[in-house]
Asks: 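Below is the structure I would like to discuss, written out as structure tokens.
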Amino acid sequence: MAEKITPRSVDYSQWYIDIILNAKLADYSPVKGSMVIRPRGYSIWERLRDELDRRFKATGHQNAYFPMFIPMSFLKKEAEHVEGFSPELAVVTHAGGEELEEPLVVRPTSETIIWHMYKSWIQSYRDLPLLYNQWANVVRWEKRTRLFLRTAEFLWQEGHTAHETKEDAIEETLRMLNVYKDFVEEYLCLPVIAGKKSESEKFAGAVDTYSIEAMMQDFKALQAGTSHFLGQNFAKAFDVQFQTRSGTLDYVWATSWGVSTRLIGAIIMTHSDDKGLVLPPTLAQEELVVIPIFKTDSKTDVLRYAQDVTSMLRDRGRRVVLDDDDTASPGWKFAEWEMRGVPIRIEAGPKDMAQGTVVMVRRDTGEKVTVKKDEIVQRADELLKAIQKNLFERAKQFRDKHTKDIADYESMKQYFSTDSAGVSDSNSGFARGLWCGSKECEAKLKADTKATIRCLPLDDQDDINGVCALCGAPAKHRAIFARAY
RNA sequence: CGGGUUGUAGCGCAGGGGCUAGCGCGCUUGGUUCGGGACCAAGAGGUCGUGGGUUCAAUUCCCACCAGCCCGACCA
């Protein structure tokens, strides 16, 4: 494998692609804009999905599955919704050798077909709340695609809940936003800002959209998850009414929320380095790799020693693999497993065997320690925890270092200026500033700098005394501005 | 959908109006190596993107088409 990873400083986009291809996470497919998720990438998705699913169930949700084909007419029932999604729909017009009476849309999201079903399942307040989630693939025919971040087809989960009152629905929207925040911070080590989207950035058909926003190593923001308060929009579009406790009729209140395989892109762009992938231990297919180092005469003994170390760890439930391939050199293996992002490498050679030790090397810092054999299990435990913690802290420090308070438009333009190649300089990042709430201000900033309002942070709306950083009018919110993926 | 760019071995590329179409990596077999991407030897592997044209002769020149990738507007 002679192909090298392009350093981040040379070409960040190419670096990202190189990581994915070299670590064998995904590959381009014969279908334009669609990718193949390879086993090493899919295993990340599986681990992430299983943990998130556990958290959904812990908050009272159930999984269901709805069809991927949606009658075109369903989409048209919610005006904003269809307007938002039409440009990117894939439509099936023929099936079974005949033209269909009504074209079927390959779902870009499932609100419409789900609310069609909810109509027949909800009659009374006793039927509420309905807390359903589905794990599915969706299709959005984007013009411009990028592995994991934006592909024509992607995997995600979409929660769709129905509630008796507005308050219940809003509470659910925020609850799930927090489930996402806790999950990505604890499990994926991605520090995020939870906030509300501006009017122009919200989901087509929502009353309010909330998101969690992460910062990538090129200082751009990535929306890592969304939670929508849908009001009664879909209930009205699909005529879903229920009898209230007082006997009157009311429309059902709704939420929807989702995260996708895009999270894998976020993990790569937050933690990885020029040697390859860096993964939080929670997500790694292998937590540790044992690499025996032997000469021909010591081969048998060293292999037995390495096997012994591997078994010790495996018996304690660690995900560990022994790389006993004798056709590759140790140096090769070091590089290869670093590329794959395995959190800890254990080197076991003749010197270690003689002393009853191994060398343990952290992927995140490169730090090497010599560990006695009977302490390996415990040290592995400690190191894995330390790596998990360090990845989060490191990312958080990076983000905080690249977040700046900005109060006027000139400084804002300066902050988001780019070099001739369109690359942000290292002083760029998130801008924290006041905003008057007008669409025009937002549009002007976007036109001038490509930066947009990522969100209005929920926990940072105190002391709004001052003027909009964009136009100087009295401010109503505090916002995070950034360029985004 | 606009702009750019590329299609030659699995990957990255070179080449060239006719002759056995090459190079590096990877792959296979055997041997020597092995504490940061080892080496030797012998092999396997090609409708030169597709269609048409020019020509005695096209993978090479011309035209069209198709596809991929990159960059923009749209978006998780």
Asks: Figure out the CZ/P separation between A/Arg345 and B/G37, and round it to whole Å.
Replies: 12 Å
Asks: Among B/G36, B/G37, B/C34, which is the nearest nucleotide to the side chain of A/Phe294?
Replies: B/C34
Asks: Distance from A/Ile44 atom CD1 to A/Leu279 atom CG, nearest 0.5 Å?
Replies: 4.5 Å
Asks: Taking B/A42 as the reference, what is the distance to B/U60 when you measure between their P atoms (whole Å, please)?
Replies: 34 Å
Asks: Roughly how many Å apart are B/A67 and B/G49, using the C1' atom of each and rounding to a whole number?
Replies: 7 Å
Asks: Does a salt bridge link A/Lys333 with A/Glu336, judged by any charged N lying under 4.0 Å from a carboxylate O?
Replies: no
Asks: Below 4.0 angstrom, N of the basic side chain to O of the carboxylate: do A/Arg363 and A/Asp273 qualify?
Replies: yes
Asks: Should stems be defined as at least three consecutive Watson-Crick or G-U pairs with both distances under 3.5 angstrom, which of them involve RNA chain B?
Replies: B:1-7 with B:66-72, B:10-13 with B:22-25, B:27-32 with B:38-43, B:49-53 with B:61-65
Asks: Would you call the rings of A/Phe203 and A/His228 parallel, tilted or perpendicular, taking 30° and 60° as the class edges?
Replies: parallel
Asks: Over how many whole Å does the gap from A/Lys333 atom NZ to B/A38 atom C1' extend?
Replies: 13 Å
Asks: Using atom P in both nucleotides, what's the gap between B/G15 and B/C69 to the nearest angstrom?
Replies: 25 Å
Asks: Which residue, A/Ser13 or A/Ala335, contacts RNA chain B at a nucleotide closer to its 5' end, judged by nearest heavy atom?
Replies: A/Ala335
Asks: Looking at residues 63-84 of chain A, who's got a heavy atom less than 4.0 Å off RNA chain B?
Replies: none
Asks: Counting only heavy atoms and a strict 4.0 angstrom limit, can you tell me which residues of residues 191-214 of chain A come near RNA chain B?
Replies: none
Asks: When the distance from NZ of A/Lys295 to P of B/G31 is rounded to whole Å, what number comes out?
Replies: 20 Å
Asks: Rounded to whole angstrom, note down the C1' distance from B/G3 over to B/G10.
Replies: 32 Å
Asks: Which whole number of Å gives the distance between the C1' atom of B/C66 and that of B/G45?
Replies: 26 Å
Asks: May I have the distance from A/Arg483 (atom CZ) to B/G72 (atom P), rounded to whole angstrom?
Replies: 11 Å
Asks: Looking only at atom C1', what distance separates B/C25 and B/A9, rounded to whole Å?
Replies: 12 Å
Asks: I'd like to know if A/Asp301 pairs up with A/Arg304 as an ion pair, taking the criterion as any Lys NZ or Arg NE/NH1/NH2 lying under 4.0 Å from an Asp or Glu carboxylate oxygen.
Replies: yes
Asks: Between A/Phe334 and A/Arg345, is there a cation-pi geometry (under 6.0 Å to ring centre, at most 45° from the normal)?
Replies: yes
Asks: How many Å lie between CD on A/Glu142 and C1' on B/C74, as a whole number?
Replies: 7 Å
Asks: Quick test of your reading of the model: are A/Glu440 and A/Lys444 salt-bridged, counting only N-O distances below 4.0 Å?
Replies: no
Asks: Show, in sequence, the C-alpha distance, side-chain angles and deciding distance for A/Phe56 and A/Trp257, and conclude whether the ring pair (Phe, Tyr, Trp, His ring centres under 6.0 Å) test is met.
Replies: CA-CA 11 Å; A/Phe56 290 160; A/Trp257 27 274; 5.1 Å; yes
Asks: For B/G37, does the base pair up with any side-chain atom of A/Glu338 as donor and acceptor (N or O, under 3.5 Å, distance only)?
Replies: no
Asks: With rounding to whole Å, what would you report as the distance between B/G7 and B/A14 at their C1' atoms?
Replies: 15 Å
Asks: Closer than 4.0 angstrom, basic N to acidic O: yes or no for A/Asp208 and A/Lys196?
Replies: yes
Asks: From the options B/G35, B/G37, B/G36, select the nucleotide whose nearest atom is closest to the side chain of A/Met339.
Replies: B/G37
Asks: A/Phe398 vs A/His402 aromatic rings, parallel, tilted or perpendicular, using cut-offs 30° and 60°?
Replies: tilted
Asks: Taking only the P atom of each, what is the distance from B/U32 to B/C23 in whole angstrom?
Replies: 28 Å
